[in-house]
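Have a look at the structure below, then the notes.
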Amino acid sequence: MSDTRGKYRGTRVRVRKVPIRCGNRSPIIHRCIVGNNPEAIDKVVQRLSQSFAIQDMGSLSYFLGIEVTNQGYDMILSQRKYILNLLQRTGLSNAKPVSSPMTTTANLALGDNARLADPVKYRKIVGALQYVTLSHPDITFAVNKVCQFMHSPTKHHWSAVKQILCYLQGTADYGLRIMHDFGTNLHAYTDSAYDSLTGFSDSDWAGCPDDHRSTGGYAIYLGSNLVSWSAQKQKTVSRSSTESEYKALADTVAELTWLQTLLRELRVPVKSIPNLWCDNLCATYLSANPVFHVRTKHVEVDFHFV
């Protein structure tokens with residue numbers, strides 16, 4: 001529900017929280033209605049009330065553990081309360097904050113230390129950390145690492161989890177800022193000065209000591225707003241850093257393509273071709289010049305659509 005071309009362009013985006021019950025014994029379903037046209041939002045709420053038992057709870061401030069704070073026309077999404085509860089559950093409420101979610105010398109591997117006495121606690125805390133990445137993309141890589149040892153965690157792995165929690169101790173007030181005047185172009189990783197859809201990709205070549213698979217990641221911006229990010233282990237082993245970076249580019253392009261389709265369905269105009277940034281020169285040449293494809297037959301065919 002967004003009017004990007006009409007009289008409401010440039011007005012504040014409004015979010016309304018509306019719990020809906022479909023029947024007497026049905027569970028309550030919480031829904032958020034987002035738009036910059038208050039009249040259209042009122043009409044939607046009115047039509048829903050004709051078919052369902054609803055309660056208009058007004059402007060959104062808290063939803064599924066995510067706090068919403070308005071700053072002028074901008075919006076900040078944070079999980080301060082959720083993080084503080086998580087720290088209390090682990091007994092780290094008074095822990096000393098650290099400046100990084102993972103040390104540069106961390107080399108996690110299977111069976112690298114004595115097995116943890118309570119693996120269930122490890123799985124619960126790491127699962128909760130996965131939800132924290134919704135507003136803290138800065139811990140995505142570290143959380144992805146500790147998630148790889150859910151089946152057999154060790155004391156070393158638990159120390160890595162506590163490192164993440166101590167980092168959150170000092171950054172609990174941080175969150176994602178959704179800016180109002182952001183532009184409508186995509187770019188995958190870029191500086192905030194860009195007003196396009198931009199994608200940034202990178203990979204950690206053969207970073208896993210157990211299976212030697214690489215970890216790829218990307219960050220995609222819509223103007224100045226971070227809208228999509230990921231850090232996950234690649235499906236196959238790369239025999240060179242170029243191949244690893246090229247696979248990361250392919251994953252980023254797939255996400256950019258999906259976001260373009262989504263924006264088109266929402267009638268949000270994308271004025272220019274998305275920008276994709278990569279820090280590997282060979283992977284850049286390989287994606288830009290199909291002539292080089294004949295020299296890289298070991299790379300799977302499905303990565304060549306870049």
Side-chain angles (χ1 to χ4, degrees), residues 78-80 82-116 118-119 121-176 188-189 200-220 226 228-235 237-238 241 244-245 247-248 251-252 278-280:
S78 64
Q79 292 174 283
R80 181 179 182 275
Y82 185 87
I83 292 173
L84 294 180
N85 289 337
L86 182 59
L87 292 172
Q88 187 176 8
R89 285 167 52 189
T90 54
L92 296 174
S93 298
N94 299 320
K96 183 179 179 180
V98 296
S99 59
S100 174
M102 177 173 282
T103 62
T104 56
T105 57
N107 191 18
L108 305 180
L110 290 172
D112 57 2
N113 206 306
R115 294 190 63 177
L116 200 62
D118 188 4
K121 179 180 179 181
Y122 179 93
R123 297 176 187 126
K124 288 182 178 179
I125 299 302
V126 172
L129 287 174
Q130 285 182 300
Y131 191 65
V132 177
T133 59
L134 291 176
S135 63
H136 280 71
D138 47 342
I139 67 171
T140 303
F141 178 81
V143 172
N144 172 264
K145 278 292 185 183
V146 296
C147 282
Q148 298 173 19
F149 309 101
M150 291 284 211
H151 58 292
S152 182
T154 65
K155 293 182 178 179
H156 191 193
H157 303 150
W158 179 244
S159 297
V161 172
K162 290 196 291 185
Q163 171 86 11
I164 301 174
L165 292 170
C166 290
Y167 173 76
L168 291 175
Q169 171 74 296
T171 59
D173 294 328
Y174 290 10
L176 281 180
Y189 179 55
F200 289 77
S201 68
D202 198 5
S203 68
D204 176 25
W205 179 45
C208 180
D210 297 314
D211 54 18
H212 300 288
R213 284 193 286 170
S214 307
T215 299
Y218 58 78
I220 299 178
L226 181 62
S228 180
W229 58 92
S230 174
Q232 59 183 358
K233 189 183 291 186
Q234 294 179 350
K235 297 180 180 179
V237 177
S238 300
S241 60
S244 175
E245 296 279 359
K247 291 177 181 178
D251 293 336
T252 309
C278 177
D279 61 355
N280 186 284

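A quick note: this is a predicted structure, and the numbers were derived from the prediction, not measured.
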Minimum-distance pair of heavy atoms, taken over all atoms of [X] and [Y]:
| X | Y | value |
| --- | --- | --- |
| H156 | N107 | CE1-O, 4.2 Å |
| D251 | Y218 | O-CE2, 4.3 Å |
| P153 | P119 | CG-CB, 3.8 Å |
| M150 | R123 | O-NE, 2.7 Å |
| A128 | R89 | CB-NH1, 4.4 Å |
| K96 | C166 | O-CB, 3.7 Å |

With a 4.5 Å cut-off on side-chain heavy atoms, are [Y] and [X] touching?
| X | Y | value |
| --- | --- | --- |
| P137 | L226 | yes |
| T171 | I139 | no |
| L168 | L129 | yes |

Determine yes or no for a side-chain-to-main-chain donor-acceptor pair under 3.5 angstrom, with Q79 supplying the side chain and T133 the backbone.
no
Does the Y122 side chain pair with the main chain of V161, one donor and one acceptor, at a distance under 3.5 Å?
no
Do other residues, nucleotides or ligands put more than 12 heavy atoms under 6.0 Å from the [atom1] atom of [X]?
| X | atom1 | result |
| --- | --- | --- |
| R80 | CZ | no |
| Y174 | OH | no |
| D118 | CG | yes |

Return the [atom1] to [atom2] distance between [X] and [Y], rounded to the nearest 0.5 Å.
| X | Y | atom1 | atom2 | answer |
| --- | --- | --- | --- | --- |
| K145 | M102 | NZ | CE | 7.0 Å |
| L165 | S93 | CG | OG | 10.5 Å |
| W229 | L176 | CH2 | CG | 4.5 Å |
| H136 | I83 | NE2 | CD1 | 4.0 Å |
| S230 | N144 | OG | CG | 7.5 Å |
| I164 | L92 | CD1 | CG | 12.0 Å |

Looking only at the side chains, is there a donor atom on one of H157 and T154 sitting less than 3.5 Å from an acceptor on the other?
yes
Could you verify whether a donor N or O on one side chain and an acceptor N or O on the other, from D138 and Y167, lie under 3.5 Å apart?
yes
Verify side chain to side chain contact (heavy atoms under 4.5 Å, CB included) between L110 and H151, making sure each step is shown before the conclusion.
CA-CA 10 Å; L110 290 172; H151 58 292; 3.5 Å; yes
Let me see the working for V126 and F149 under side chain to side chain contact (heavy atoms under 4.5 Å, CB included), right down to the final yes or no.
CA-CA 10 Å; V126 172; F149 309 101; over 6 Å; no
